[in-house]
Visitor: 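Shown below is the structure under consideration.
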Amino acid sequence: MESDKHQAERKTLDERAKMTELERIRHSCAHVMATAILRLWPDAQFAAGPPVENGFYYDVDLQHRISPEDFPKIEEEMKREIKANRVFEKIVVTREQAMKDAQSGRLGGLRERPAPSKFKIGNLEDIPEGEPISYFKNGDFIDLCAGPHVMRTGNIGAFRLTSVASAYYKGDEKNPQLQRIYGTAFKNKTELEAYFTMVEEAKKRDHRKIGQEMGLFAIDTEFVGPGLPLWLPKGAAIVEELERLAKETEFAAGYVRVKTPHIAKEKMYLTSGHLPKLYAESMFPPMEFREKQLTGEFAGAERIYQQAASAKQDIELDEEESWLIEHYNELREKRTPGTELSDESREYLASLPSDKAKEAVNCAMERFLVDLGRLSMKDKAEAMLPPIERYYLKAMNCPHHHRIFAAEPRSYRDLPLRLAEYGTNYRYEQSGELFGLMRVRSLNMNDAHIYCQPEKFTEEFNAVNELYLKYFKIFGLEKYVMRFSTHDPKRLGEKFVNEPELWIQTENMVRDVLKSSGINYVEVPNEAAFYGPKIDVQVWSAIGREFSIATNQVDFAVPKRFGLVYRDRDNTDKTPLCIHRAPLGTHERFIGFLIEHYAGNFPLWLAPEQVRVLTIGDDPPLVDYAKSTVAELRDNMVRASGDYGTDPIKAKIANAEQAKVHTMLVIGARDMAAHAVSVRLHGKGNVGAKPKGQVVAEILAAIKERLA
RNA sequence: GCCAGUUUAGCUCAGUGGUAGAGCAACGGUUUUGUAAACCGUCGGUCCUCGGUUCGAAUCCGAGAACUGGCUCCA
């Protein structure tokens, strides 16, 4: 199974040959790093050392625990190897020769060693029969490697080791744990430095840090739970602006809004196919209960006993009855199944007087003892209880929306039906996955489902893409790519619903749209949703970091499972196609992204604090003038506040700048006399005094147009 | 979930076995000010939690929680 997966992900030689220049540099640098590590620790066992998005790594098994303090000496050795400018020599060998060299410890080594190159043996076994086997050699270092590489070690322009982490051999936790040494390399020093500048900038823009400083959100792990962010007022302001944006654009595009509950019965997800297996581990465990019943094996007796106990307070019990209650309490505590009712107890029961309170006691006693004594009675009681219901927190909105589709008969004239909702979804992310706002367990989705006739798919899908591009423009996202994920025919019925023709058909439709619309996309096999092909939208922030923000999926399977139909022109029932789309993804992740993108300096329309009016001193007439300015803005739904205290104006400005208030209006005696305000923009400084009316109008216009 | 590291005041962080600290914030007062921080004072702590070692634990050990960096997964 694992090796199967491994095979599926294994790069073909053709794909490898497509390695970019930068990837070759990085991959070669990994070999140089291995060379250096072997000089320092000759017994190191290497596993895999590929180029990755921001550099490269090499997995190594080594007694010594490599820490960043070791980096300088490793880098020293690496520099020596680069300076020696050795040729990367490709050597093609037979499988037998390779196995022999691996056994002798020569592969991933500088010379033959006492221990065999155990991971290289494993790697060798993964190479399919018939594929050529090659080494790459630089100096003494020989590695099992398909390449390609740069010509010489000297072609590695600039590099640096960055971190060390742990990783399992072949990514499988059953395999030994290795030390993964990360580094990065570039054509030249300038590019290397630019990269580290970007990394530094990303640290400064970390959404968790800025979110804390600006008071946007809080994660209260003790009372609310990990991965369940609380939106503070300033963060909620951003959420609301995004919702407003989506509502406006979706309204214009013919969407209708719906609202659905946060939970649903198990049947919902058994029908959708998320349960029992496909999505179960991403969902919170269910809430289980019986309708209007106490739970527990003695629920019925318990309730009667409670009645008896409350009745007891109002009446006087004789000695006998008191004994009975006590006796019952005692039995109740023991609760030993299989205990038979004693003759004595029976007699007491039989001899009880029959007034109301005593009857209740009697009843409780009898019921309890029956339950206690005879398991078969317990089972009978169980059968008489209502069945246990299981409710799940929704991890996605689509099943609820499908039920909305099903709630009324649909004609082809009703289509496309575009149902939009801001639902909160709950996903049980593994604890190690949680990360600020970027990976959470409660997700606010800008979600919608479009039900359409298959022949209208192209049109609808195009419209969705247009919507995405519109949003990119508003947020100033210049670089994006649509990752088009398709299915793997080998995993039908397991990871993907078993509908081979529909998969091919819908994937072709999506591909055609992407091609003909000229949208920038890449195709990724084997990563589709279980119900259909998927498009993940990747965008790059202002500092060039990549984020997966939005998703867009085609669903040909689940509407069918729910039996959704519309009456077509030819008077037959047909199943609609469903497009899932969430252009702003989750508000959590999207805002996390925006924080980095804008470094917390949001455009006016998004800024949590749009305007702050600062008075120079606290003379009452001045404060009145300032307050009337704030009131005028707030009447127009501008998030404006005032700082009317006695702090020096420099201090008020420093506070406002630190809070990243977009527009500061400074008001002194001079301004008041001229019916003006002095405008200062965050990060841009003083832009001078202007008539108050003009400033207000400009602010309102900038907000309305969502200017960057 | 797995591996490693971290956790001290609201925030940022000092404090390596002997009385728990600083700056900022908050609060009280003084200051009446023109574009990034005026002064004085006060308050604030279960040193993540539980257990152990010790005459004595923020500090050493063990378990747990949360966070961070990776792995796997993903919006």
Side-chain angles (χ1 to χ4, degrees), chain A residues 2 5 52 57 59 65-68 162-182 206 208-209 212-213 215 218-222 225-227 279 281-282 395-396 425 427-447 485 527 529 534 536-538 547-553 580-590 592-593 614-619 622 645-659 664-671 678-689:
Chain A
E2 277 77 27
K5 193 180 164 195
V52 287
Y57 65 81
D59 285 344
R65 243 201 140 72
I66 293 180
S67 80
T162 50
S163 63
V164 55
S166 79
Y168 296 106
Y169 180 49
K170 293 184 186 177
D172 185 338
E173 63 184 86
K174 291 193 263 315
N175 285 336
Q177 195 149 31
L178 307 173
Q179 304 187 58
R180 176 167 293 182
I181 323 291
Y182 280 92
D206 189 312
R208 293 163 301 182
K209 184 168 161 271
Q212 160 78 261
E213 287 166 0
I219 296 179
D220 178 350
T221 57
E222 192 184 355
Y279 206 77
E281 62 179 33
S282 295
M396 66 296 296
N425 294 168
R427 296 189 187 167
Y428 184 74
E429 298 293 343
Q430 296 181 71
S431 60
E433 310 303 334
L434 301 174
F435 172 70
L437 289 179
M438 302 310 269
R439 278 298 277 285
V440 292
R441 285 176 172 171
S442 63
L443 309 76
N444 263 280
M445 298 272 273
N446 160 225
D447 205 6
S485 303
E527 284 184 19
K534 176 173 87 165
D536 287 307
V537 182
Q538 294 181 316
F547 289 82
S548 269
I549 287 298
T551 185
N552 191 357
Q553 296 159 9
H580 305 234
R581 41 108 285 169
L584 302 177
T586 68
H587 289 334
E588 286 76 13
R589 182 174 288 186
F590 196 75
F593 164 78
L614 316 175
T615 56
I616 300 175
D618 67 345
D619 283 340
L622 202 59
T646 63
D647 281 345
I649 190 64
K650 277 176 178 258
K652 290 185 182 180
I653 285 169
N655 289 337
E657 288 283 355
Q658 251 161 38
M664 288 151 272
L665 302 180
V666 176
I667 296 181
R670 234 165 38 213
D671 302 291
S678 293
V679 181
R680 179 186 170 103
L681 298 177
H682 171 56
K684 298 194 181 92
N686 187 3
V687 296

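Everything quoted here is computed from the prediction, not taken from an experiment. In the text below, chain A, chain B and the rest are named by the order of the sequence lines, each starting its count at 1.
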Visitor: Determine the contact category for Leu434(A): base if any of its heavy atoms lies under 4.0 Å from a base atom, sugar-phosphate if only primed atoms, P, OP1 or OP2 are that close, otherwise nothing.
Guide: sugar-phosphate
Visitor: Could you check whether Met445(A) gets within reach of a base, just the sugar-phosphate, or nothing at all, counting any heavy atom under 4.0 Å?
Guide: nothing
Visitor: Looking at every strand, decide which applies to Ile549(A) at a 4.0 Å heavy-atom threshold: base, sugar-phosphate, or nothing.
Guide: sugar-phosphate
Visitor: Just compare A75(B), A36(B), G70(B) and give me whichever is closest to any side-chain atom of Gln553(A).
Guide: A75(B)
Visitor: Please give, in whole Å, the distance from C74(B) C1' to Glu281(A) CD?
Guide: 11 Å
Visitor: Between C1' on G70(B) and CD on Gln430(A), what's the gap in Å once rounded to a whole number?
Guide: 14 Å
Visitor: Picking from G1(B), C71(B), A75(B), which would you name as closest to the side chain of Arg180(A)?
Guide: C71(B)
Visitor: What I'd like to find out is whether the side chain of Val537(A) reaches to under 4.5 Å of the side chain of Ile549(A), using heavy atoms alone.
Guide: no
Visitor: So Glu213(A), base contact, sugar-phosphate only, or nothing? Heavy-atom distance under 4.0 Å.
Guide: nothing
Visitor: Which nucleotide wins on minimum distance to the side chain of Glu433(A), given the candidates G1(B), A75(B), A38(B)?
Guide: G1(B)
Visitor: Sugar-phosphate atoms are those with a prime plus P, OP1 and OP2; base atoms are the rest. Using that split, label each nucleotide of nucleotides 25-34 of chain B B, S or - for protein heavy atoms under 4.0 Å, 5' to 3'.
Guide: ------BBBB
Visitor: Please work out if Lys209(A) contacts a base, only the sugar-phosphate, or nothing of the nucleic acid, heavy-atom cut-off 4.0 Å.
Guide: nothing
Visitor: Take Met396(A) and Met445(A), measure what side chain to side chain contact (heavy atoms under 4.5 Å, CB included) needs, and give me the verdict at the end.
Guide: CA-CA 9 Å; Met396(A) 66 296 296; Met445(A) 298 272 273; over 6 Å; no
Visitor: In Å, rounded to the nearest 0.5 Å, how long is the span from CD of Gln553(A) to CG of Asp536(A)?
Guide: 7.5 Å
Visitor: Which range-with-range stems can be found for RNA chain B when each stem has 3 or more Watson-Crick or G-U pairs in a row and both distances sit under 3.5 Å?
Guide: B:1-7 with B:65-71, B:10-13 with B:21-24, B:26-30 with B:38-42, B:48-52 with B:60-64
Visitor: Touch check for Arg581(A), heavy atoms < 4.0 angstrom, all strands: base, sugar-phosphate only, or nothing?
Guide: nothing
Visitor: Nearest whole Å is fine: how far is A75(B) C1' from Phe593(A) CZ?
Guide: 14 Å
Visitor: Under 4.0 Å, heavy atoms only, any strand: does Phe435(A) hit a base, just the sugar-phosphate, or nothing?
Guide: sugar-phosphate
Visitor: G70(B) P sits how many Å from Tyr57(A) OH, rounded?
Guide: 13 Å
Visitor: On RNA chain B, check which nucleotide each of Gly432(A) and Val440(A) is closest to and give me the residue with the more 5' one.
Guide: Gly432(A)
Visitor: Within the structure shown, what part of the strands sits under 4.0 Å from Gly688(A) by heavy-atom distance: base, sugar-phosphate, or nothing?
Guide: nothing
Visitor: How is Thr221(A) classified with respect to the nucleic acid when contacts are heavy atoms under 4.0 Å: base, sugar-phosphate, or nothing?
Guide: sugar-phosphate
Visitor: Restricting to ring pair (Phe, Tyr, Trp, His ring centres under 6.0 Å), what partner residues turn up for His580(A), sequence neighbours left out?
Guide: His449(A), Tyr531(A)
Visitor: From C-beta outward on Arg589(A), which listed nucleotide comes closest to its side chain: A36(B), U72(B), C74(B)?
Guide: C74(B)
